[in-house]
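Accompanying notes for the structure given below.
The first residue of the sequence shown is numbered 1, and numbering continues consecutively from there. Small disclaimer: the values here were computed from a predicted structure and weren't measured.
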Amino acid sequence: MTADQLTIVLILTGLFILFLWGRWRYDIVALLGLVVATLTGLVPVNEAFAGFGHPAVITVAAVLVISKALQNGGIVEWISDLLSRVGSTFWHRFLALNLVAMLISGLINNVGALALLLPVGIKLALDHKQPPSFVLMPLAFSTLLGGMTTLIGTPPNIIVASIRGTMELEPYHMFSFTPVGICIAIGGVFFLTFFSRFLLPRYKPILPPDQVETIEDYITEIKVLEESTYVDQTLGQLEASLDGDADVLGVERNGSFNPRPRRSDRIHVGDLLVVRTDPKTLQRIVDIPDVTILSDHKHGLDDVTEGDYQVRELVVGPNSRYIGRNAGSLQLKRWFNTSLLAVSRSGSDVKQRLSRLKLQLGDVLLLRSSPESLQELVQKYGLYPLEERGVRLLPRRFLVTCALFVTTILLIALQYVTPEIGFVGLVLVLHLSKLLPLREIYRSIDLPILVLLGAMLPIGHALETTGVADLAAEGILSVSGTASPMLILALLLIGTMFLSDIINNAAAVVLVLPIATRMAAALTVSVDPFMMGVAIGASCPFLTPIGHQCNALILGPGGYKFSDYWKLGLPLEIIITVIALTVIPIVWPF
């Protein structure tokens, strides 16, 4: 191994460790790797930022904008309305919901599709007296499966198609991924619909606000007033007086916070108690005259749902500005006249003041606010409501947006324009037609993903120029001996699946694809089966909640634990592997 090869291997190892560590966001980690690779001479200085002009980056940015336009146009709401007319049983409608999620995700960003179908899934579960935990994970996985079916369904497909175009081969077109992807997606959706209930836990639901009395596992704060009858009583007595339906997780007294209070500790005047409870018990606490909910001093839970104010649940989405910020620093009361009543977080106890709590993806916030402020929080700050939306946009906007989108797809499919030119042109037409405001264009672009791609593409190219990709291919062949192309395809597919479970799937594609192309050259077979295997593997981050934004988005609303994902995800990945290894060689022969 040469010095350059050893250096790039060390850089990639460092990136992998930092991706797993998760302390720094993946785009920052990728930029760090790019800078180090450039300083060590592995990436030429004049090519360091060439990745940001790569067709894959441009296409991903345009697709994200178009996804927003389709959402604003009402296509998902229109399709969701049709679900209520399908069948009469829960399983019929559940299957229809998952199929719709799969189809939508082939055309728009899967995170956006899931965010809009999330309340539909919750309502379906509640209407049929099923726990939302039975619905939300299969729904999220169905959106990921749908991304396999088209060029624009997921960034890994766009990257694979663009890189194929740089190999003096014709780039994949819009529906090149469809024959393989649709077989896997349909098989996966049927498995998720009819067998997931045997693998998923029956968690009690976090319901929409109009049924807020049955929400569980909220964290709120109460303050003990001077005249309180609880003064000098123990924390255990307080919990007993509430029939054991509340747990005191922490106590702040005279500016000092105790995150591990004992049940025998006495309550003092002015104590601030961090309490985990359900809203029915929370209402009982509100009705006690000598304690107060610190988040909203003047209103009880019933009062705030009257008049111009509402209590609503909003989920912290993947692009929310609030992720990583302390709840107290948001100043919701000052800027939005909104009160944070409580927070629900799945998988961990919250043992600190709400004002100091750093919000995470998937947290559910119980907010008291006006409808206007809630709408602004949803549109501008990346929060998703757990309720059905009542707004329906104008039919003209819906029809024109869909017509423009279908026209662009046809032009790309007939190869009159390349995907990057077609989609960027569509963005311009949507804006000039006043169907997509300029602020929505820039707001819908997921900059961290683009930075990740722009930084990782030169590093991936360095794998080839330094000969590491050839070295890895030779190593695999030497270990596997006279392995058949089918075995190599299986190794690439499973290996990419594993990577996508722990690092961003776009990064996984960039790292594995050079090795796949070298393997094809070494075996003197077509590169297409291996490229398809990498694309499919990158779309299968089913084992962890950190594997994809969709997985994290359902963590709070579904009440899931980390271990719940692999219980359903592992058998799903096995099924996908079997289908992929059967279909890929038929559609794309070696």
Side-chain angles (χ1 to χ4, degrees), residues 1-19 24-65 155-172 417-425 427 442 445-473 503-518 521 527 531 534 538:
M1 182 177 288
T2 66
D4 284 349
Q5 291 173 340
L6 180 61
T7 302
I8 192 64
V9 168
L10 290 175
I11 290 173
L12 290 174
T13 303
L15 289 178
F16 189 74
I17 292 172
L18 290 175
F19 280 136
W24 298 339
R25 205 169 62 183
Y26 51 77
D27 52 331
I28 301 299
V29 173
L31 279 175
L32 177 63
L34 177 60
V35 169
V36 173
T38 304
L39 292 176
T40 54
L42 298 178
V43 175
V45 175
N46 61 340
E47 297 178 10
F49 300 105
F52 292 94
H54 195 280
V57 176
I58 305 301
T59 305
V60 168
V63 167
L64 292 173
V65 176
N157 288 4
I158 297 173
I159 297 169
V160 168
S162 297
I163 291 179
R164 190 179 192 273
T166 65
M167 300 168 57
E168 299 182 356
L169 296 171
E170 182 182 337
Y172 293 128
V417 294
T418 60
E420 59 270 20
I421 297 299
F423 291 132
V424 170
V427 170
Y442 288 105
I445 294 175
D446 191 348
L447 283 177
I449 290 292
L450 301 187
V451 172
L452 171 73
L453 286 179
M456 290 300 297
L457 284 168
I459 296 176
H461 183 62
L463 280 176
E464 300 182 63
T465 57
T466 58
V468 170
D470 288 325
L471 199 63
I503 67 173
N504 184 276
N505 55 6
V509 167
V510 172
L511 293 177
V512 178
L513 207 53
I515 299 173
T517 58
R518 289 296 186 268
V527 73
M531 297 188 85
V534 172

(Q) A quick test of your reading: do over 12 heavy atoms of other residues, nucleotides or ligands sit less than 6.0 Å from NE2 of His54? (A) yes
Q | Beyond-backbone contact of Val451 with Leu31, side-chain heavy atoms, under 4.5 angstrom | A | yes
Q) Can you list the residues that meet the ring pair (Phe, Tyr, Trp, His ring centres under 6.0 Å) rule with Phe16, with sequence neighbours excluded? A) none
Q.
Show the nearest heavy-atom pair for residues Met531 and Val160, with the distance to one decimal.
A. CE-O, 3.5 Å
**Q.** Spacing of Thr59 atom OG1 and Ile158 atom CD1 [to the nearest 0.5 Å]
**A.** 6.0 Å
Q.
So if I apply the side-chain contact (heavy atoms from CB on, under 4.5 Å) rule between Val534 and each of Leu513, Ile163, Ile515, Thr517, which one comes out positive?
A. Leu513
Q: Could you tell me which non-hydrogen atom of Ile8 sits nearest to which non-hydrogen atom of Ala462, and how far apart they are?
A: CD1-CB, 4.0 Å
Q: Compare all side-chain heavy atoms of Val65 with those of Phe423 and state whether any distance is below 4.5 angstrom.
A: no
Q) Are Val509 and Asn505 close enough that some pair of their side-chain heavy atoms sits under 4.5 Å apart? A) no
(Q) Just so I know, are the side chains of Ile11 and Thr40 near enough to count as touching, which here means a heavy-atom distance under 4.5 Å? (A) yes
Q. Ser162 side chain to Ile159 main-chain N or O, any donor-acceptor pair under 3.5 Å?
A. no
Q: First locate atom CG of Leu10, then atom CG of Leu15, and finally report the distance between them rounded to the nearest 0.5 Å.
A: 11.0 Å
Q.
Ignoring hydrogens, what is the shortest heavy-atom contact between Val510 and Pro514? Give both atom names and the distance.
A. O-CD, 3.1 Å
Q | Closest contact, heavy atoms only, Ala62 versus Val427 | A | O-CG2, 4.0 Å
Quiz: residues 452-459 side-chain donor-acceptor pairs under 3.5 angstrom, not counting sequence neighbours:
none

Q.
Taking salt bridge (Lys or Arg N to Asp or Glu O under 4.0 Å) as the cut-off, I'd like each qualifying pair that reaches into residues 51-60, sequence neighbours left out, listed once.
A. none
Q. Gln5 side chain to Thr2 main-chain N or O, any donor-acceptor pair under 3.5 Å?
A. yes
Q: Please report the closest heavy-atom contact between Leu34 and Phe52, naming both atoms and the distance.
A: CD2-CE1, 4.4 Å
Q: Quick one: closest heavy-atom pair of Ala61 and Leu450, and the distance?
A: CB-CD1, 3.6 Å
**Q.** CD1-CD1 distance between Ile421 and Ile58, expressed to the nearest 0.5 angstrom
**A.** 9.0 Å
